[in-house]
J.: 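Below is one structure. I have some questions about it.
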Amino acid sequence: MRRGGDDDARLRRRIRWTVLLLVIMALVFYVGAIVKQMQ
Amino acid sequence: MTAMTHEAEHHGPPSNFFQRWLFTTNHKDIGTLYLVFSLVMFFIGGAMALIIRAELFQPGLQLVDPYFFNQMTTLHALVMIFGAVMPAFTGLANWMIPIMIGAPDMALPRMNNWSFWLLPFAFAILLSTLFMPGGGPAGGWTMYPPLMLQHGMSFPFVIFSVHLMGISSIMGAINVIATVLNMRAPGMSLMKMPMFAWAWLITGFLIIGVMPVLAGAITMLLTDQYFGTTFFSAAGGGDPVLYQHIFWFFGHPEVYIMILPAFGIISAIIPTFSRKPLFGYSSMVYAIASIAFLSFLVWAHHMFTVGMLLAGSLFFMYATMVISVPTGVKVFNWVATMWRGSLTFETPMLFAIAFVILFTIGGFSGLMLSIVPADFQYHDTYFVVAHFHYVLVTGAVFSIIAATYYWLPKWTGHMYDERLGKWHFWLSVIFVNILFFPQHFLGLAGMPRRIPDYALQFAEFNMISTIGAFGFGFAQLIFLWVIIKCVRGGEKAPAKVWDGAEGLEWTLSSPPPYHSFTTPPVIPETEAPAR
């Protein structure tokens, strides 16, 4: 939920964590596809 | 900060053309860029389709070299999937999601600019392969080895451009998810979100789950070709069939990436023109989530004929059939929304109703294809071509057209020409069926796909199909004219364009201010779910 203008830092932190988790997820699928093929 | 926000609210777009369109971080401008790009790609991919259909007008070789024909089938698919349908949905998400959930912009506006601007470069590279020695890719959009590795110069360019498209889609998806999860207006819980935002949230996870898998597969193709690996070469201990497994692990969810946002659009349009709330909001959400989950479990139904264990075939057959349950829930809910509604049939509603009927036909032929013994007959025939074009043209593309008519007055501030819109609808719906319905019969009679020539027995249906293709292509020129006319002027559109429409986007003026919802709207606790 958006926290409004009085808590910008918190919103930034939440967005940063969301992006980090999603990027990790994408990398896991990329590397996973290649590793699976190597087995 | 407050002063800056206040100032920003009154800012219009930059007056410099390049500053506005090249460096923009505004979600509305980036949405427009995506939509215009997608329209251009739609016509390029459509021209390729017309070359294919012109060649198939009569048996025998007519117009183009068979090798060029194969390049057209390959590029038509790549352009339409990655250049037309996916960017159109991303454009709609960019334009509509922030103003539907009461956010001032996307969560990551600068990355948003980058996600878009990768696309023109990716497609410039892809289309430039047509002018290279040996021509463009001709092994099919699935890029199966070893066929794909036997091409000339185009191969590394195609791999590079598909990687760029993948990066662009992943960044777009990250942006949508981060926006929907973090930027909703106070009081808008997940279960009060418009269905389009829900559909895109789930689509975003699908994109992040499978686009990297495609990237992995084609990276391995590249290393097999240039770095001495043998991932897909039996001679070196690899296995070409495993490529197919990896590709379709991406490929099947990709189909849903192209249809789930369409479900969101149809769930917005039908209630508006039925003047009733959407029937079964929560069941719609669970149905989309179930379809997305199941899409990861059915990939091998694209490759029954490569041979697999009986248990494997049965699993993939039944898992595929199970998808029809949540899909049936959605079709039922759309019909139930219309049931005893106060219906009117403006162009967006006409396309939405055509979607429900014709997409369901595509769904039924999909069920036929899921039956393993029957699939051995249908595989790689025109029946498959008919099936996925019913899903993608009368499904995905019709939903994009419906969305354009529905939101065009909101975007431009002008009403579109309803009479021309109706002409566009009726010509499209008649010709699209003339184009694709006979292909079912061709496939059942055994005509293989991806060939420039065919036996005489298939001549009549091919001729009918080609006439349909040119009619459908002509009808899209009307669409182009309607859009240009509407952008240039017309009757002034009110904020709430459709009297039955509900949602935050209709509280903004038409066109909305360049910066909207810089102060978040508050959604009352008691408010019913949006559409």
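Sequence lines set the chain letters: A, B, ... in the order given, protein chains first and strands last, and positions in each chain run from 1.
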J.: Is it the backbone or the side chain of B:D239 that comes under 4.5 Å from a heavy atom of chain A, or both, or neither?
T.: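 Answer is backbone: N, CA, C or O of B:D239 sit under 4.5 Å from chain A.
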
J.: Kindly assign one of parallel, tilted or perpendicular to the pair B:F250 and B:F247, based on the angle between their ring planes and the thresholds 30° and 60°.
T.: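 Rings of B:F250 and B:F247: perpendicular, over 60°.
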
J.: As an exercise, state the distance from CD1 of B:I99 to NE2 of B:H27, rounded to the nearest 0.5 Å.
T.: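 One gets 6.0 Å once the value is rounded to the nearest 0.5 Å.
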
J.: Go through the atoms of B:I246 and report whether side chain, backbone, both or neither lie under 4.5 Å from a heavy atom of chain A.
T.: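 Contact with chain A involves the side chain of B:I246 alone.
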
J.: Can you tell me how far apart CG (B:L108) and CE (B:M183) are? Round to the nearest 0.5 Å.
T.: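 Here the interatomic distance stands at 8.5 Å.
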
J.: Does the ring-ring contact (aromatic ring centres under 6.0 Å, His included) test come out yes or no for B:W299 and B:H252, once each step is laid out?
T.: CA-CA 6 Å; B:W299 75 88; B:H252 197 79; over 10 Å; no

J.: As an exercise, state the distance from CG of B:L118 to OG of B:S161, rounded to the nearest 0.5 Å.
T.: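 Here the interatomic distance stands at 11.5 Å.
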
J.: Could you give the distance from CG (A:L22) to CE (B:M171), rounded to the nearest 0.5 Å?
T.: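 Separation between the atoms: 13.5 Å.
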
J.: Once the angle between the rings of A:Y30 and B:H163 is folded into 0 to 90°, is it parallel (under 30°), tilted (30 to 60°) or perpendicular (over 60°)?
T.: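 Perpendicular: the ring planes of A:Y30 and B:H163 meet at over 60°.
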
J.: Side chain from CB out, backbone as N, CA, C, O: work out which of these in B:F232 comes under 4.5 Å of a heavy atom of chain A, or both, or neither.
T.: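 Contact with chain A: side chain only.
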
J.: Out of B:T223, B:V180, B:I207, B:T219, which one racks up the most heavy-atom pairs below 4.5 Å with chain A?
T.: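 Greatest number of close heavy-atom pairs with chain A: B:T219.
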
J.: Between B:H245 and B:F249, does the ring-ring contact (aromatic ring centres under 6.0 Å, His included) criterion hold? Intermediate values first, please.
T.: CA-CA 6 Å; B:H245 281 287; B:F249 184 81; over 10 Å; no

J.: Listed by residue number, which members of residues 208-218 of chain B have a heavy atom under 4.5 Å from any heavy atom of chain A?
T.: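 Expected list: B:I208, B:G209, B:P212, B:V213, B:A215, B:G216.
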
